[in-house]
**Student:** 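My questions all concern the structure below.
Remember, predicted model here, so these are calculated numbers, not experimental data.
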Amino acid sequence: MMACLFSCETSLNPFTNGSIATGLRPIPGTQVHRAIEPLLGTLSRGEWEQQWYPLYQAVLAWCHVQESEVEAFYKRVTAA
């Protein structure tokens with residue numbers, strides 16, 4: 001489910017000074033809104049802004065944390 005928030009796959013890139021080059025760009029909130037609306041029915045702007053958009057932002061923040069942890073692990077493994 002998390003992977004669907006991003007528009008392409010993660011890849012390790014040895015040419016970026018040992019960092020992970022994901023090439024990931026978050027899907028805009030408007031696209032997420034359009035994607036879930038058929039499943040939930042019509043969402044008012046208030047419902048979207050108060051209930052769903054904060055969830056989207058929280059999942060996105062979690063993904064960034066996970067990416068940072070993976071990058072740190074990758075650096076430790078490749079430095080050994």
Side-chain angles (χ1 to χ4, degrees):
M1 178 137 175
M2 300 302 164
C4 68
L5 292 177
F6 296 97
S7 58
C8 62
E9 296 180 16
T10 302
S11 62
L12 298 177
N13 187 343
F15 303 107
T16 57
N17 297 323
S19 67
I20 297 175
T22 62
L24 296 176
R25 287 184 211 93
I27 295 173
T30 53
Q31 277 187 281
V32 173
H33 180 266
R34 283 193 303 264
I36 66 171
E37 198 167 38
L39 301 170
L40 301 173
T42 304
L43 290 172
S44 71
R45 183 176 178 153
E47 288 175 315
W48 169 250
E49 290 176 353
Q50 293 176 6
Q51 297 172 5
W52 294 99
Y53 191 66
L55 175 63
Y56 165 72
Q57 289 179 316
V59 170
L60 209 53
W62 178 83
C63 289
H64 288 294
V65 168
Q66 296 301 307
E67 181 182 20
S68 296
E69 290 176 6
V70 169
E71 184 172 4
F73 178 75
Y74 178 73
K75 285 180 180 180
R76 283 195 312 272
V77 169
T78 57

**Student:** How about CD on Glu69, more than 12 heavy atoms from neighbouring residues, nucleotides or ligands closer than 6.0 Å, or not?
**Tutor:**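 Above 12, so yes.
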**Student:** With side-chain contact (heavy atoms from CB on, under 4.5 Å) as the criterion, how do Thr30 and Arg34 come out once you've worked through the C-alpha distance, each side chain's angles and the decisive distance to 0.1 Å?
**Tutor:** CA-CA 6 Å; Thr30 53; Arg34 283 193 303 264; 4.2 Å; yes
**Student:** Is there a path of hydrophobic side-chain contacts, each under 4.5 Å between heavy atoms, that joins Val59 and Leu40?
**Tutor:** yes
**Student:** Check the angle between the aromatic planes of Tyr53 and Trp48 and answer parallel, tilted or perpendicular using the 30° and 60° thresholds.
**Tutor:**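 The rings of Tyr53 and Trp48 sit tilted, inter-plane angle from 30° to 60°.
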**Student:** Taking Glu47 for the side chain and Trp52 for the main chain, is one N or O donor matched with an acceptor at less than 3.5 Å?
**Tutor:**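 It does not hold such a pair.
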**Student:** Compare every heavy atom of Glu37 with every heavy atom of Thr42, then report the nearest pair and how far apart it is.
**Tutor:** CA-OE2, 3.5 Å
